[in-house]
Amino acid sequence: MIKYNLKCENNHEFESWFSDSNEFDKLNKKKLLECIYCSSNKIKKSIMAPMVSGRQPKQENVSSLLDKKLSNEKKQLLKIREYIEKNFEFVGDKLSQKVREVYYDKRTKKSIYGTATPEEREELAEEGIDLLSVPWVDKDN
Ligand SMILES: [Zn+2]
C-alpha cells in the first residue's frame, strides 16, 4: 500500500491509499478519483508524507531518485525510504521548526525528514524553503 496526498484543480488536499502507483494512474485516467471536498475529478498527486530537507548534494540525490523511480514499484520506493532513514535525521512533526533551524544556521549541513501540514509547507515556501516530498511505503506488507 502506498499513501498519496492528492490535490484537485481547486487546490483541495486530501489523502488516499492505493495498492501501488499504477493503481493511482489507472483510476485517475478513468476519472474514478474525485476530490472529497468539491467532487472534481481533476486530481493530481501532491505532497506525500514525509518530507525531507537539508542543504546538500543528498537532497538532489533523493530528487533524482524520485524522478526516476516515482512511477515504479514499491521495491524501489523502499530503497528510497531506506536511504532517507540512513542519511537523514527523523524529526517527526517538528519538521517545520527544525527546517528553519537548519536553514538559518549556515554551519549546519544536517539532513532531516519528518512531516508537515500543508499550511506549514506553505509558510516555509514563502520563506524560500522548499521541502521535498517522498512517497512513503510500508515495509511490512
Ligand atoms: Zn476539490
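Order of listing sets the numbers, starting from 1, for every ligand and every atom in it.
- Protein N/O/S atoms closer than 2.8 Å to the Zn ion (ligand 1): Cys8 SG, His12 ND1, Cys35 SG, Cys38 SG.
- Legend: residues meeting side chain to side chain donor-acceptor pair (under 3.5 Å) with Glu89, ordered by chain and number and at least two apart, are absent.
- Thr115 has its side chain within reach of Asp93: a pair of non-hydrogen atoms, C-beta onward, lies under 4.5 Å apart.
- Using cut-offs of 30° and 60° for the angle between ring planes, the Phe88 and Tyr113 rings count as perpendicular.
- Phe14 and Tyr37 have perpendicular rings, their planes meeting at more than 60° on a 0 to 90° scale where under 30° would count as parallel.
- Within the 4.5 Å cutoff, the side chain of Glu101 has no heavy atoms near those of the Lys94 side chain.
- Side-chain contact between Cys38 and His12 is present, with heavy atoms from C-beta onward closer than 4.5 Å.
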